[in-house]
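Lettering follows sequence order; numbering is per chain, from 1. These numbers were taken from a predicted model, which means no experiment stands behind them.
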Amino acid sequence: MTTIVVGGGPAGLAAAIELRRLGAGRVVVLEREAEPGGVPRHCDHLGFGLLDLHRLLGGPRYAARYAALAERAGVEIRSRTSVTDWAAPMEVGTTSPRGVETISADAIVLATGCRERPRSARLVPGTRPAGVFTTGALQQIVHLQRERVGRRAVVVGAEHVSFSAVLTLAQAGAEAVAMVTEYPAHQTYAPLAWFAAGRRGVPILTGARVAAIRGRDRVDGVDLADVATGARLAIACDTVVFTGDWIPDHELARRGALAMDGASRAPRVDQAGRTSARGVFACGNLVHAAETADVAALGGRGVARGVATFLHTGSWPAPPVHVTCVPPVRWVAPGAIDPGEPLDVFRLRVDEPCANVDLVVAQGTREIWRRRYSALVPNRSIRAEVGGSPALRAEEALIFRIEARS
Amino acid sequence: MASRGRSDDGSPALTYDVAIVGAGVVGAAIARELGQYDLACVLVEAADDVGTGTSKANTAILHTGFDATPGTLEARLVRRGHALLLEHGPRLGIPIERVGALLVAWTDEQDAALAGIAAKAAENGYAATRRVERDELYRLEPHLGAGAVAALAVPDEHIICPFTTPLALATEAVANGVALRLGAAVERVAQADGAHVLETSAGSVVARWVVNAAGLHADTIDRLFGHDRFTVTPRRGELIVFDKLARPLVRHTILPVPTATTKGVLVAPTVFGNVVLGPTAEDVPDRAATGTTAEGLASLLGKGRRILPELVREEVTATYVGLRAATEHTDYQIAFHADQRYACAGGIRSTGLTASMAIAKHVAQGLRDAGLVLRRRDAFREIRMPNIGEAFPRPYQEPARVAAHPDYGCIVCHCERVTRGEILDAARAPIPARTLDGLRRRTRAAFGRCQGFYCLAEVTRLLAGATGETPARLLRTP
């Protein structure tokens, strides 16, 4: 029996390692980069491994550790191997320096991760000079290629990764002259905000967005607009980093015509990571863009159990209960529930800051779960440990909503 | 006649027979055309690459010319250019796809106009248009927004690669001995020993004849030769490129029924497998006004939502701006001055991509009539560009190619599936990629949905290694 895992980041490698531990047979990880490990390879800072490996590591060491664990577990890792499309329902087409091939499998796990939306996808107007990056590109240029990027940078966004971008800029000798967020406050932990930005005196401009990028060959400034009043503010800079605003790398999932969640843009999976296509699973930041690497890895480990069960029994339960949400909840994952299995942890996001609210899960008029939150912050992972095995009715959606507390 | 020397050191001692000013698609086509004759030619370009102005930023459609104004030079040259590019484009490796166009009427008034448009097409020598009733229209384009009444099918409208076209023409010119001077903006023109001395920002170029194909700056060059007959007022067009996952939503180029003032906003597939929405049309005084605007993009999304509602829910890969070289005249401004040994090919708007090869033949004939001796050379060297079109096999899909050269199996830009082999090829091409934008236009690298999130660092490193540039210079790091 063969399982193909598409993507050799934390989720894919953790899934592969666990599959081998569960005796699931041959496991092949297809990784398009030269080295496995995923995005942590170029996150050259501490903060990795706490939940999954129970130790605190830097990104590159964490990535290397997973690669070593996978090798020790007998996982076949094929790096520089791009999955270019589906060749059949359980067969993928690949290109690598070894050649153009198709590989078939008994189960396929998609762990293709996510990326930040670049400036163009955010429809930021203006000219198109050099000097505009995402955090991903910035980290690779600075940490993998050891290059400088500029002198004065504006960081667009104020979520966790935005502060990571400020640290990367500092390491490359560039000053972050401002951070910009449409929200009324930044969306990270206070200590990280202080460590990255506060102690450097980086102003966080809240309630503002980038109205235009200026410059011909190289960025020479940005125009900011106050979200409420439209008032403009010009800032001189030579670099702009667009951070966060994640989108799953869902191209293979969509080309396979998997059912998708409209809001998260992820393939819809159930508790076991099953997609709408028999034998095809999805996990990691492909289904919840973006969680930290350890959460993605735990998701990979979790999906392995579902894959092993499928390989063993061949059963593919349907139809699931759909999971939906009401604004300001933006999306919830998993987006489908198999009533025959216990509920699990749900992960969700909100569109606006909410203080002192109840998060409620209901099916029809019946309340399944309720918990009080003192604050729900946009762009920040929200975990709802619903759990249990309530008797759910098939064909009726499970709804996540927020209620203000009086 | 000058010796066929390749004195590219800028020495003014070498007198070329013809200098073509402007290496856009029109200048490149003229250079290629003249390269077939026993002449020493030079193609002089202000920018650092070929095809960086109007040529690279348009809707990339190979027009039949069905809607041109009958009897104009533009109508004639677009029609002929369409045929010439269909004949030569595939040989040159230019991606061209026959998708056909549907001119969609959304109101009864627009419906009533279709017959007149068909008649005009016939007057332009294009008789293959066909009326399409509503039911068939929605069968042809199932994702079209509600409310379309009928359409006129124009089956020979094609889509074409706007980057490969000028590069292919210029490369074939260079392969046949035409010199290329990049980064040489013409600033003054003097006369010496019966020749024109073009004083450029990178030394002087001496030529007996000069052809002005300077696009947005054609009027400026024309004035250097003492003429004052037209002024370029750029017409800004903003466009939005949607992700490849949107490509199945549309099969034809969806054209609006034109009004008196504008041809309107279209939705078209691109040869890269994306979908383009645009352009807006706005006259701007500044020839460098290549910025998008919030208003322009919002207006496009509004129109797109009506034409193809599902399109605007897909991710946007890129937005860009094209400046068309519009003048106060409605037709191309092509003129010959035998006494001055000077030709002007100005006022070539967005149709210039289609018309380029016909303009080149027209200019060559005009030069001959004006007294330039054109003798065909015995050998003409043909070239073939690397395919960057999605409808034809790309290197990553070709088992034999990957087996022979593993670099073509090493995908570096994952969104556009550009391989290490193609990037190295582009850096070593006859007209090599010297900048990241130049590399994008030759290979599509870092051009896709992630805009370099994954590949920018690696692509930059590869190009730097192959060209001898530093990554910092390529990234224009201050």
Side-chain angles (χ1 to χ4, degrees), chain A residues 32-34 42 80-82 84 93 95-101 115-142 144-145 147-152 211-214 216-218 225 238-239 247 249-251 254-255 262 265, chain B residues 238 240-241 243-245 288-298 301 313 315-321 395-403 406-411 414-415 417 419-420 435-437 446 449-458 460-461 470-472 474-478:
Chain A
R32 63 191 192 180
E33 295 289 332
H42 47 79
R80 282 216 189 280
T81 303
S82 298
T84 54
T95 293
S96 76
R98 291 176 304 281
V100 179
E101 297 172 79
R115 63 176 187 271
E116 297 166 294
R117 278 196 179 80
R119 173 255 177 112
S120 52
R122 306 184 196 206
L123 288 174
V124 173
T127 54
R128 296 197 301 156
V132 180
F133 305 97
T134 50
T135 316
L138 172 77
Q139 287 178 340
Q140 293 196 36
I141 290 166
V142 173
L144 296 184
Q145 313 286 6
E147 290 289 334
R148 292 186 308 109
V149 287
R151 296 180 200 282
R152 290 170 56 82
I213 288 177
R214 289 186 276 105
R216 186 139 303 279
D217 284 345
R218 178 78 190 193
D238 55 37
T239 304
I247 178 166
D249 265 331
H250 59 204
E251 289 70 33
R254 286 193 60 187
R255 292 205 185 275
R265 310 240 157 175
Chain B
E238 302 184 41
I240 298 177
V241 180
D243 187 67
K244 295 177 202 313
L245 290 166
T290 54
T292 53
T293 64
E295 301 73 27
L297 298 177
L301 289 179
R313 291 204 285 272
E315 291 286 309
V316 169
T317 297
T319 62
Y320 66 96
V321 162
Y396 81 88
Q397 296 170 310
E398 296 188 272
R401 198 148 177 205
V402 176
D407 276 351
Y408 294 113
C410 183
I411 296 178
H414 306 295
C415 302
R417 284 142 186 205
T419 62
R420 182 184 149 87
T435 62
L436 284 169
D437 281 337
R449 56 174 72 92
C450 93
Q451 295 277 304
F453 177 95
Y454 289 109
C455 71
L456 183 64
E458 177 70 4
T460 305
R461 190 185 68 81
T470 63
L474 292 174
L475 293 167
R476 301 184 193 277
T477 306

With a 4.5 Å cut-off on side-chain heavy atoms, are [Y] and [X] touching?
| X | Y | result |
| --- | --- | --- |
| B:Thr460 | A:Gln145 | no |
| B:Ile411 | A:Thr84 | yes |
| B:Leu245 | A:His250 | yes |

Work out which heavy atom in B:Gly452 is nearest to a heavy atom in A:Ala137; give both atom names and the distance.
-> O-CB, 3.4 Å

Could you go through the side chain to side chain contact (heavy atoms under 4.5 Å, CB included) check for A:Arg255 and B:Lys244 one step at a time?
-> CA-CA 10 Å; A:Arg255 292 205 185 275; B:Lys244 295 177 202 313; 3.9 Å; yes

Could you please spell out the steps behind the side chain to side chain contact (heavy atoms under 4.5 Å, CB included) verdict for A:Arg216 and B:Thr290?
-> CA-CA 9 Å; A:Arg216 186 139 303 279; B:Thr290 54; 3.6 Å; yes

B:Thr317 backbone acceptor or donor facing A:Ser120 side chain under 3.5 Å =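 Pair found, side chain donor or acceptor close to backbone of B:Thr317.
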
Return yes if some donor-acceptor pair links the side-chain N/O of B:Thr477 with the main-chain N/O of A:Gly150 below 3.5 Å, else return no.
-> no

Side chain, backbone, both or neither: which part of [X] has a non-hydrogen atom closer than 4.5 Å to chain B?
| X | answer |
| --- | --- |
| A:Ile247 | side chain |
| A:Arg265 | side chain |
| A:Ile141 | both |
| A:Arg214 | neither |
| A:Thr95 | both |
| A:Val132 | neither |
| A:Arg128 | side chain |
| A:Asp217 | both |
| A:Arg152 | neither |

Decide yes or no on side chain to side chain contact (heavy atoms under 4.5 Å, CB included) for B:Glu315 and A:Arg117, but give the supporting numbers first.
-> CA-CA 9 Å; B:Glu315 291 286 309; A:Arg117 278 196 179 80; 2.9 Å; yes

Could you tell me which residues satisfy side chain to side chain contact (heavy atoms under 4.5 Å, CB included) with B:Ala294, sequence neighbours excluded, listed by chain and number?
->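 With sequence neighbours excluded, B:Ala294 shows a side chain to side chain contact (heavy atoms under 4.5 Å, CB included) to A:Pro125, given in chain and number order.
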
Options B:Arg420, B:His414, B:Glu458, ranked by heavy-atom pairs under 4.5 Å with chain A, top entry | B:His414

Any idea which of B:Ala289, B:Gly291, B:Ala472 has the most non-hydrogen atom pairs under 4.5 angstrom with chain A?
->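 Greatest number of close heavy-atom pairs with chain A: B:Gly291.
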
State whether the number of non-hydrogen atoms from other residues, nucleotides or ligands found under 6.0 Å of A:Arg151 atom CZ is greater than 12.
->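 At most 12 heavy atoms, drawn from other residues, nucleotides or ligands, come within 6.0 Å of this atom.
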
Cut-off 4.5 Å, heavy atoms of chain A, and the answer for B:Leu475 is both

At a heavy-atom separation under 4.5 Å, does B:Arg449 approach chain A through its side chain, its backbone, both, or neither?
-> both

